[in-house]
Structures are given as structure tokens and as C-alpha cells.
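Here is the structure we will look at.
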Number of protein chains: 2
Amino acid sequence: MVRLLFPGSKLGPVTSIPLRPEPTPAAAERSDAARNRERLLLAARELIADCGTEGLTMDRLAERAGVGKGTVFRRFGSRAGLMLTLLNDSEADFQARFMFGPPPLGPGASGLERLIAFGAERIAYVVEFGDLVLAAENASRGRFEVPAAALWLRHIEVLLRDEGFDADPWLMAGSLSAALDPERLLDLVRRHGVPPERLVDSWRDLVTRVVAAA
Amino acid sequence: MVRLLFPGSKLGPVTSIPLRPEPTPAAAERSDAARNRERLLLAARELIADCGTEGLTMDRLAERAGVGKGTVFRRFGSRAGLMLTLLNDSEADFQARFMFGPPPLGPGASGLERLIAFGAERIAYVVEFGDLVLAAENASRGRFEVPAAALWLRHIEVLLRDEGFDADPWLMAGSLSAALDPERLLDLVRRHGVPPERLVDSWRDLVTRVVAAA
DNA sequence: AGACTAAACGGACCATGGTCCGTTTATTAT
DNA sequence: ATAATAAACGGACCATGGTCCGTTTAGTCT
């Protein structure tokens, strides 16, 4: 658990679940470590801007940032961890919007409306950050241990319950969540040329049917 | 398209979509190539039996089979290709059963019954061949290009249409298919200890709801 | 049998993610 | 200021999937 600024708000820090958990949030970071972290993140963004996500290798990143390779791995744990870190801000923003933002995504709308909006936003998010999300998916032990994924799941589950869904909402939330799998969405958009709006339509249809029979 | 024996049937060869497409089905295999393929498959099964799927590396496999590493890759293309080949028989069997076998999996039952049975069988399949399926998933360009996957998708789509589902059955088939994703299923079974029957129940609930509103 | 050719072979080689451990350095206590 | 210490550093090293290309060989044609 880490405190992040709620972007564009005067309300001050809000609690958010980071995409990647910080190892030791208690101890303050040593100055050289902080400097290298900045250098690395900068270099990573430049590298991605120049050569795309594919072009970012850990060796190149280390060289470009002027640090040793070991430093890169101590900081981010793995390539996927780096990508997760790169996505952290936008992910925190997304979380804030579906947890505290205005309806229909945030509280105030019905469970179904919020489910629909959630899918639509997630689809937009995946389409926007495509390669990054894909590169972040290969986390060490499966993509299901990412803390943020657990949050989305729980969110969907709660919305299902709101709609009176009683039969194993946790598993159903997982099934719905699977329909938003980034690899699938990007395959549909990129290889099959499916327009995102059509994905949103299909998602709406899916959740509507699932909730309707409740 | 390759001809495979319909297992346990007197009906002779039936058409089946292989898990992994053969590069040049026309040209006959040279004798040394055939011998090496046998050696490799044997060695692969032994290695997996001894050290598990993780323990099978391409170098070790080559050494154990007594062939060069290049031979391994020419034969199977990639590690995932090898796993796909190892799964080919059971996959052909699965295909035969849902396409031509007895109801409720095969023709003769309603679309909904067949959908439910399909999911149940798929779950059992994934649980049985867990590691192999997982290792086969990292196919070159995503797990959506595997020909067999296209067949399952099409199957689900047809069954949806049978049930009068009109709104974008192809995308809906994909969403349902995503709920059967092996990585998810195995994560649920292994990490969360969810019994397969509960997965089947949830799948039944899902497809019933999707089809009900049609 | 001998020559010819296309296919198969093999293993050195490469790229890349990730680990290890001896060395350096920021920080803190005295 | 100096010493002590825990953290950070860096780059050699490893494992593994995958490629390349010069060499060998099975099958065929005469």
C-alpha cells in the first residue's frame, strides 16, 4: 500500500493499490538510488519512444542510463516489473476513477452501468497502452498475482453482488475479467481490425446478459 | 489439414485440424528425419516424466535424443511447437469427440447442452494436461494463431447461433473462450484450490445466462 | 555403381533475461 | 573528522531459446 496523489485533485493523497508493490516502503531511498531510479525511468521512456517496447532490452537500458545491469534488476526485479512501474501512474489514475470518480464509472450509477463503463474504460486503456501492457503481462508467476488485477476482480465482484448476482460472483468476475484480457483485446484490434467500439458493444451485451438473469 | 485416425473407431481416417500445422504435408519424410523425430518425441516424453515440463530444455532434449540442436528446431520450430506436437493426439481426440462424438458433447443435444459439455470437457482437459498446455501456450505470435483455437472458437460460435444468439456471436464466442483460458483455470485450481466441479458450475451458469437472454 | 541434388544435420554462435558477489559509497554514530 | 555499516553498485557470468551455415547423407536418375 502506497500513497499516491489523486491526479488533478485538490483533495490530497488518496490510498491506491500500486501496480507493483514496493519492496520496503518504510526505509527511505538512498540518494544515489533515487538518482539512478530517475535516470532509469527517463532512459526507459526515451528508449521506448525511439525503438518501441520491443527495442527496450535490459542491457541497452542499463547502458543508456549509465548504470550497471545489476542496478536495473535490483530496482525493478524484472523486465515486467519495469513495465509495471512505467504504467503505475496511469493505472493509479484508472483506479481512482473507477473507485472515487464520477458516475457511470464511479459510485452513483447502478452496478450494471458501472460494469459497462468499467469494461469500456479498460478497453480504452489497453488500446492506448497496448505494448506496455503486453510487456508487463509476463510477470514472474502469472498475470494473476499482480495486485491491481486482484483489485479489478474484486471491483467486478462487488458490482455483480450489487446487481443481486448470487451464484459464485468471484468466479463469474474472473470470467468477465478474462473477456478483457489485454492479449485478446489487442489481438482483435490489431490482427483482426475490430474497432474498439465493437468490443465495447460486445462487453455491454455480455455483462447485461449475465446480470439480467440474476 | 492433415488426416489423423479417429481413435478407437472403425470408421477410418477422419479430417481433423492439427494442433500444429505441418509445414509441408505433401513431401514424404526422409528416413533419417523420421527416425530422429521418433527419437526426439521419445526423449521428450522421458524427460518430462523424469524432470517435469520445466526440466525439458531444448539443449537437454537434443543431447538425450542424440541429435544436434538445429535438428530439434527444424523439426518443431520452437519449444512451444514441440509441446503442441506432444499434445496433438489428445487434442485430435478432443476435437473428434465434440465434432462427431455422442451427445451431449457431440451433435444431437441442444446448443446450450453442447456448450456446457464443451466447457466441462475443456476444463477436464486443461486440468489433466496442465503443464503441457501451459508450455504450449507461448506460441510464436500469441495463443490466438493456433489453428485448434480457431476451431474451438468457431464451434462455440456455431452453438451460440444454434441457440438463436444474434448479436456478434464471434466476439461473444471469444469472450466465453477466454473464460476457459488454461492459465486462468490452472491458477484457480492450483493456487486457489478451486475444485474443477466448481469451475464447471460457473461455466454452466455463464453460458446459460448468455444464451438465456437470446 | 556413380554422380547429383535437395533435404537433413549439428553445433558454434547470438541475444536476452536474470543472478552473483566482490567493491564502492551514502549515511550515521562517535 | 573518522570509523563503521548497511545499502547500492556494476559487470562478469549463467541458462536458455533460437539462428546460421558449412557439412553430411538419403533418395534418385542415368
Side-chain angles (χ1 to χ4, degrees), chain A residues 20 22-41 43-44 47-48 51-86 134-142, chain B residues 20 22-41 43-44 47-48 51-86 134-142:
Chain A
R20 201 178 92 78
E22 299 299 320
T24 321
E29 200 173 34
R30 230 170 73 168
S31 65
D32 52 349
R35 174 176 45 82
N36 282 337
R37 199 195 56 232
E38 289 314 310
R39 275 195 199 172
L40 280 167
L41 288 176
L47 226 33
I48 288 177
C51 323
T53 316
E54 292 293 307
L56 189 155
T57 76
M58 300 306 258
D59 286 302
R60 259 209 279 257
L61 174 60
E63 190 192 12
R64 178 136 181 179
V67 304
K69 198 179 177 181
T71 301
V72 183
F73 279 91
R74 188 162 359 81
R75 198 67 61 203
F76 303 108
S78 68
R79 195 180 121 99
L82 167 66
M83 301 300 183
L84 250 13
T85 303
L86 253 18
L134 242 36
E137 278 239 314
N138 300 79
S140 45
R141 211 48 193 156
Chain B
R20 200 177 91 79
E22 300 299 319
T24 320
E29 201 174 33
R30 229 169 74 169
S31 65
D32 51 349
R35 174 175 46 81
N36 282 337
R37 201 195 54 232
E38 289 314 311
R39 275 193 199 173
L40 280 167
L41 288 177
L47 226 32
I48 289 177
C51 324
T53 316
E54 291 294 306
L56 189 154
T57 76
M58 300 308 256
D59 286 301
R60 258 209 278 259
L61 175 60
E63 190 192 11
R64 178 135 181 179
V67 305
K69 199 179 177 182
T71 301
V72 183
F73 278 90
R74 186 158 3 79
R75 198 67 62 202
F76 302 109
S78 68
R79 195 180 122 99
L82 168 67
M83 301 301 184
L84 250 13
T85 303
L86 253 18
L134 242 34
E137 279 239 313
N138 299 79
S140 46
R141 211 47 193 154

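Side-chain atoms are counted along with the backbone in the values below, which use heavy atoms only and exclude waters and symmetry mates. Below, read A as the first sequence line, B as the second, and so on, with proteins coming before strands; counting in each chain starts at 1.
In this structure, B:Leu56 places its CG atom 14 Å from C1' of D:dA15, rounding to the nearest Å. A:Glu29 places its CD atom 11 Å from the P atom of C:dT27, with the value rounded to the nearest Å. One can place CD of B:Glu63 at 13 Å from C1' of C:dG11, the figure rounded to the nearest angstrom. Atom CZ of A:Arg35 and atom C1' of C:dA26 are 11 Å apart (whole Å). Regarding B:Phe73, its CZ atom lies at a distance of 17 Å from the P atom of C:dA8, rounded to whole Å. In this structure, A:Arg75 atom CZ and D:dA8 atom P are separated by 6 Å, rounded to whole Å. Going from atom CD of A:Glu54 over to atom P of C:dT16 covers 10 Å, rounded to whole Å. When the C1' atom of C:dT19 is taken as reference, atom CE of A:Met58 falls 13 Å away, rounded to whole Å.
For B:Ser31, whose side chain is taken as the heavy atoms from C-beta onward, the closest listed nucleotide among D:dG27, C:dG17, C:dC9 is D:dG27. Closest to the side chain of A:Arg30, from the set C:dT25, C:dC9, C:dG17, is C:dT25. Distances from the side chain of B:Asp32 to the nucleotides C:dG10, C:dA8, D:dA8 place C:dA8 closest.
Between B:Thr57 and D:dA15 there is no side-chain polar atom (N or O) within less than 4.0 angstrom of OP1 or OP2. Side-chain N/O atoms of B:Asn36 include none lying less than 4.0 angstrom from OP1 or OP2 on C:dA8. The side chain of A:Thr71 places an N or O atom within less than 4.0 Å of a non-bridging phosphate oxygen (OP1 or OP2) of D:dG10.
Below the 3.5 angstrom threshold, one finds no donor paired with an acceptor across the side chain of B:Arg74 and the base of C:dA8.
Of the possible polar contacts, one joining the A:Arg60 side chain to the A:Gly55 backbone as a donor-acceptor pair under 3.5 Å is found.
Atom CG of B:Leu47 and atom CD of B:Glu54 lie 12.0 Å apart (nearest 0.5 Å). Note: B:Thr57 OG1 to B:Lys69 NZ = 8.0 Å, rounded to the nearest 0.5 Å.
When all heavy atoms of A:Ala65 and A:Arg39 are compared, the pair lying nearest together is O-CD, 3.3 Å.
Of the two residues contacting DNA chain C, namely A:Gly70 and A:Asp59, the nearest-nucleotide position lying further toward the 5' end is that of A:Asp59.
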Legend entry - Worked check of side chain to side chain contact (heavy atoms under 4.5 Å, CB included) between B:Leu40 and B:Val67: CA-CA 8 Å; B:Leu40 280 167; B:Val67 305; 3.9 Å; yes
